[in-house]
Visitor: 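Attaching a single structure in structure tokens format; questions to follow.
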Amino acid sequence: MRKILLSLICVATAAMAYAVEIPVGYSKGQIAGSSDYVVNGKGAVGAATRISPELTAPYVGNEIRGLAVGIIDSRYCDSIRVFVSNSLDGEYLATGFITRKDADSSKRPADGWNNIPLDNAVAITEGQELFIGFMFYQRYKCEALSFVGSADENRTYVKRGALGEWEDASNKGNISLEMLIDGESMPQYDLRLDGAKGMLESPGVMSATLTVTNNGQVTPANFDLTFTAEGFSYVATVSEVPAPALAKEVKVVMNDVPDGVGFDKPITVTVSRIEGGEDAVPGDNDRILGVKVKRNVVVEEFTGTGCGWCPRGLVGMEKMRNIYGDRFVGVGIHQYNSSDPMYPTRYKNLGFSGAPSCTVNRTTITDPYYGTDNIDICHDFEAAMNEGAMASVEVTGAYGEGKTTVDATATITAQDNLSGLKLTFVLIADSLTGTTAAWKQQNYYASNYSASQLPDDMSQFGAGGANGQSSFFWVFNDVAIGTYYESGQYEMGLDNLEQGQSVTVNYTLDMPTKAALVNALNYDYVAVIAMVLDSQGHVMNAGKYYLGGVDPTGIQTVSEENSNVREVARYTIDGRRISSAQPGLNIVKLSNGRSYKVMVK
């Protein structure tokens, strides 16, 4: 019956002139990914927010008709009761209630939002301070409360138990809780910036991804975003505008961005113009663009020729390699069985307990085909890649005498003040294969599945498929053949780096000596990898360099350039343009459009 009632309300309000309930609150449509507010056992849990008159000032004369509650994990939440009052323990001005079966994950703008109507509307008056909140009953351990951003003092409150005392939790941030406001005098034009992320794509080229929420009653034809920093200004006109009460992600690409802009010269982005009218609430139109550099993602896989389920790992790794190109830094660790010709005697213990398994940037261990969502490892890869990084990594290398060693050089540039960093090097090889039985990959899929029972990219391993035998020969890529190792350690510590500071590190790695592996090597397809790890041991960023002149980034070597072309620009590895050569890695741009890397001593 309640679901029908909610539907009738929606139909009735849709018939009004505007009648769109606008979400207004301090959480700005955000829900946290996890919570440290843990409540064990059964009982009531509550959260509330103090609403200042300044927040509701643009909406005086209108009404609060519901509350939007953001929940991280609702598995053990049986019901949610919301309230509006003049004080935390005062008499309720209005309440609302929803059961778990009625909960609405309406993606406004993210999973976990529940829009709950009030039993009566609360009029918004000038100078009025309000408290909005909710209580839910939990049946088990719960980590449902979402805190985002930073809250002013005495704004966020929590309580445990229906009779518990309210406690100030403003140090945790703003609770994901918003008013749903509507009325006859709502602002017609009101765009809000909820998020602003920047990425230095290449020297002088920066992208900005912004979340724009429409808190007005009208969808304008377009609006302007203005980006400003010291010595820089850029205006972009955006025509994809979100409808009222909805959010939309907008991407802007800026060219010819001067050195340092976005890092030591912060960029402010502003909704500077709205087609057809003025923004009624200009106070939420500005954001600082948080800029990072492109992040390459390291996927280290535990595998081996003796692992019969590992063919799916081969597919997963090859898929990422093919889709993401140089952004994929793959390392196949063939330590499952010591009879594997590619078995490395040394590699850091990453906590693998079975094969195939992998870790993305040395965070969670997962399946190299299905990933953490049990659907696709690419989802994990893209999530890590899109985070960006606060340090750039460039690596080069050269073979030592007789190609028995590799002299590796890594240059790390910090985009923020960084401490607790570590660095490691790894050698990998592509196109490895052999003709003896030891090189054959074991395959359990052939005896358990037919080709038609497997996904298209796995069907080759089922009975009747091209490799539908108990074992088959394969060409292996991204195979770990060497690593940094010094005094029992697989990583070296780095000094603290200040924003804009670079450090260059040299290290000599040993090439493998096992005959079966050495005979299989194509020295043009050996690469050196440099990984920078943060204080938690997670990979912050990484770089890869092929020693034989093969470079998947598309940056050419000097020898490939025609003698008639000339240098037109030179950059540091973090994208700053320089007028002449500087010590460290330089990127030289040529008149024919190509670029190359050069190490300046």
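Residues take their numbers from the sequence shown, with the count starting at 1. Note that the coordinates shown come from a computational prediction; the quantities given were computed from them, not determined experimentally. Every heavy atom of this structure was used, including side-chain atoms; hydrogens, water molecules and symmetry mates were not.
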Visitor: Working to the nearest 0.5 angstrom, can you tell me the gap between S146 OG and I175 CD1?
Guide: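 Those atoms lie 6.5 Å apart.
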Visitor: Output a table of donor-acceptor pairs, distance under 3.5 Å, between side-chain atoms of residues 248-258 and any protein atom two or more places apart or on a different chain; print 'none' if there are none.
Guide:
none

Visitor: Working to the nearest 0.5 Å, report the span between OG1 of T213 and CG of L246.
Guide: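 It comes to 9.0 Å.
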Visitor: Answer yes or no: is there a side-chain heavy-atom contact under 4.5 Å between L191 and F223?
Guide: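 Side chain of L191 against side chain of F223, heavy atoms only: contact under 4.5 Å found.
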Visitor: Does the R295 side chain pair with the main chain of A384, one donor and one acceptor, at a distance under 3.5 Å?
Guide: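 A pair under 3.5 Å: yes.
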Visitor: Just to verify, what does D478 make a salt bridge (Lys or Arg N to Asp or Glu O under 4.0 Å) with, not counting sequence neighbours?
Guide: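 Applying salt bridge (Lys or Arg N to Asp or Glu O under 4.0 Å) to D478 gives R321.
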Visitor: Kindly indicate, with the supporting measurements, whether the criterion side chain to side chain contact (heavy atoms under 4.5 Å, CB included) is fulfilled by I428 and K544.
Guide: CA-CA 9 Å; I428 62 167; K544 180 168 67 172; 3.9 Å; yes
Visitor: Do side-chain atoms of E178 reach the backbone of G29 as a donor and acceptor pair under 3.5 angstrom?
Guide: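 Side chain of E178 to backbone of G29: a pair is present.
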Visitor: Side chain of N443, backbone of F472: donor and acceptor closer than 3.5 Å?
Guide: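 Side chain of N443 to backbone of F472, a donor-acceptor pair under 3.5 Å: no, none is there.
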Visitor: Distance from L432 atom CG to I481 atom CD1, nearest 0.5 Å?
Guide: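 The CD1 atom of I481 is 7.5 Å from CG of L432, to the nearest 0.5 Å.
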Visitor: Spell out, as yes or no, whether a donor-acceptor pair under 3.5 Å connects the side chain of Q335 to the backbone of P344.
Guide: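 Such a contact is found between Q335 side chain and P344 backbone.
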Visitor: Take V299 and F328, measure what side chain to side chain contact (heavy atoms under 4.5 Å, CB included) needs, and give me the verdict at the end.
Guide: CA-CA 7 Å; V299 183; F328 169 71; 3.9 Å; yes
Visitor: So, using ring pair (Phe, Tyr, Trp, His ring centres under 6.0 Å) as the criterion, who are the partners of F352 when residues are at least two apart?
Guide: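 Partners of F352 under the ring pair (Phe, Tyr, Trp, His ring centres under 6.0 Å) test: F302.
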Visitor: In Å, rounded to the nearest 0.5 Å, how long is the span from OG of S431 to CG of D524?
Guide: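 Rounded to the nearest 0.5 Å, the OG-CG separation comes out at 10.0 Å.
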Visitor: Where the side chain of T211 meets the backbone of G195, is there a donor-acceptor pair that is under 3.5 Å apart?
Guide: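 Judged by distance alone, no pair lies under 3.5 Å.
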Visitor: May I ask you to check whether T504 and T411 show a side-chain donor-acceptor distance below 3.5 Å?
Guide: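 Looking only at side-chain atoms, T411 and T504 do form a donor-acceptor pair, the distance falling under 3.5 Å.
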Visitor: Does a donor on one side chain and an acceptor on the other come within less than 3.5 Å for N222 and S239?
Guide: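 No pair is found: no donor N or O on one side chain lies under 3.5 Å from an acceptor on the other.
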Visitor: Do the non-hydrogen side-chain atoms of Y399 and T405 ever get within less than 4.5 Å of each other?
Guide: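 The answer is no, as the side chains (C-beta and beyond) never meet within the 4.5 Å cut-off.
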Visitor: Contact between T270 and L225 at the side-chain level, heavy atoms closer than 4.5 Å - yes or no?
Guide: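 Answer no - side chains too far apart.
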Visitor: Let me know which of T305, T303, I333 forms a side-chain contact (heavy atoms from CB on, under 4.5 Å) with M342.
Guide: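 Running side-chain contact (heavy atoms from CB on, under 4.5 Å) over T305, T303, I333 with M342 returns exactly one hit, T305.
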Visitor: List the steps and the verdict of salt bridge (charged side-chain N to carboxylate O under 4.0 Å, His left out) for R362 and E491.
Guide: CA-CA 13 Å; R362 295 194 176 178; E491 298 150 1; 3.0 Å; yes
Visitor: Donor-acceptor pairs under 3.5 Å, side chain of residues 306-318 to any protein atom, not counting sequence neighbours: which ones?
Guide:
residue : atom : partner : partner atom : Å
R312    : NE   : D367    : OD1          : 3.4
R312    : NE   : D367    : OD2          : 2.9
R312    : NH1  : Y445    : OH           : 3.0
R312    : NH2  : D367    : OD2          : 2.9
E318    : OE2  : N477    : ND2          : 2.9

Visitor: Any chance the rings of F381 and Y324 have centres within less than 6.0 Å?
Guide: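 Between Y324 and F381, which both carry aromatic rings, the centre distance is below 6.0 Å.
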Visitor: Whether the side chain of D407 engages the backbone of G397 through a donor-acceptor N/O pair (distance < 3.5 Å, no angle test) should be reported.
Guide: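 Not a single qualifying donor-acceptor pair exists.
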Visitor: Is there side-chain contact between V406 and T508, with heavy atoms separated by less than 4.5 Å?
Guide: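 V406 does not reach T508 side chain to side chain.
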Visitor: What distance do K28 atom NZ and Y26 atom OH have between them, rounded to the nearest 0.5 Å?
Guide: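 Rounded to the nearest 0.5 Å, the NZ-OH separation comes to 10.5 Å.
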Visitor: For atom CD of E240, decide whether the heavy atoms of other residues, nucleotides or ligands shown that lie under 6.0 angstrom number more than 12.
Guide: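 Open.
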Visitor: Check whether any side-chain heavy atom of T226 lies under 4.5 Å from a side-chain heavy atom of V269, and answer yes or no.
Guide: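 Of all side-chain heavy-atom pairs linking V269 with T226, none is under 4.5 Å.
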Visitor: Ignoring hydrogens and geometry, is there a side-chain-to-backbone donor-acceptor pair from R346 to G482 under 3.5 Å?
Guide: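 Checking the backbone N and O of G482 against the side chain of R346, no donor-acceptor pair under 3.5 Å is found.
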Visitor: Taking the side chain as C-beta and beyond, is there a heavy-atom pair between M206 and V291 under 4.5 Å?
Guide: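 Answer yes - side chains close enough.
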Visitor: Quick check: Y449 with F461 (ring centres under 6.0 Å apart)?
Guide: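 Judged by ring-centre distance (under 6.0 Å), F461 and Y449 do not meet the cut-off.
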Visitor: Among all residues two or more places apart in sequence or in another chain, which pass the side-chain hydrogen bond (donor to acceptor under 3.5 Å, both in side chains) test with Y507?
Guide: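 For Y507, the residues satisfying side-chain hydrogen bond (donor to acceptor under 3.5 Å, both in side chains) (neighbours in sequence not counted) are E486.
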Visitor: Please round to the nearest 0.5 Å and tell me the distance separating atom CG of L418 and atom CG of L494.
Guide: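 So the CG of L418 and the CG of L494 are separated by 10.0 Å.
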Visitor: Does S176 reach the main-chain N or O of G70 with its side chain, forming a donor-acceptor pair under 3.5 Å?
Guide: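 Here the side-chain-to-backbone pair does not exist.
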Visitor: Which label fits F232 and Y234: parallel for a plane angle under 30°, tilted from 30 to 60°, or perpendicular past 60°?
Guide: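 Ring orientation, 0 to 90° scale: parallel.
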Visitor: Would you indicate whether K292, at its atom NZ, is surrounded by more than 12 heavy atoms from other residues, nucleotides or ligands within a distance under 6.0 Å?
Guide: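 It does: K292 NZ has more than 12 such atoms within range.
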Visitor: Please identify which of these residues, V393, T413, N541, meets the side-chain contact (heavy atoms from CB on, under 4.5 Å) condition with V293.
Guide: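 So the option named by the test is N541.
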Visitor: Using every non-hydrogen atom in the two residues, find where G371 and D380 come nearest and quote the distance to one decimal.
Guide: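 Looking at all heavy atoms of both residues, the closest pair is CA-OD2, 3.3 Å.
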Visitor: Find out whether M531 and E300 are in side-chain contact, i.e. whether some heavy atom of one side chain is under 4.5 Å from a heavy atom of the other.
Guide: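 Yes, close enough: below the 4.5 Å cut-off.
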Visitor: Between Q499 and N417, does the side chain to side chain donor-acceptor pair (under 3.5 Å) criterion hold? Intermediate values first, please.
Guide: CA-CA 5 Å; Q499 184 181 47; N417 296 331; over 6 Å; no
Visitor: Are there over 12 heavy-atom neighbours, none belonging to E230, within less than 6.0 Å of that residue's CD?
Guide: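 12 or below, so no.
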Visitor: As a quick check of understanding, evaluate side chain to side chain contact (heavy atoms under 4.5 Å, CB included) for D224 and V238, giving each step before the final call.
Guide: CA-CA 6 Å; D224 284 351; V238 180; over 6 Å; no
Visitor: Any side-chain heavy-atom pair from Y370 and D373 closer than 4.5 angstrom?
Guide: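 With C-beta onward as the side chain, the pair stays apart.
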Visitor: With sequence neighbours excluded, what pairs up with Y485 under the ring pair (Phe, Tyr, Trp, His ring centres under 6.0 Å) test?
Guide: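 For Y485 the ring pair (Phe, Tyr, Trp, His ring centres under 6.0 Å) partners, ignoring immediate neighbours, are Y490.
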Visitor: Could you walk me through whether C358 and I377 satisfy the side chain to side chain contact (heavy atoms under 4.5 Å, CB included) test, starting with their C-alpha distance in whole Å, then the side-chain angles of each, then the deciding distance to 0.1 Å, before giving a yes or no?
Guide: CA-CA 10 Å; C358 74; I377 186 61; 4.0 Å; yes
Visitor: Less than 4.0 angstrom from a charged side-chain N to a carboxylate O is my criterion; do K422 and D534 meet it?
Guide: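 No salt bridge links K422 with D534.
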Visitor: Between the side chains of H334 and D340, does any donor sit under 3.5 Å from an acceptor?
Guide: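 Yes.
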Visitor: Counting N and O atoms only, with roles assigned by atom type, does the side chain of R287 sit under 3.5 Å from a partner on the main chain of T268, one being a donor and the other an acceptor?
Guide: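 Checking the backbone N and O of T268 against the side chain of R287, no donor-acceptor pair under 3.5 Å is found.
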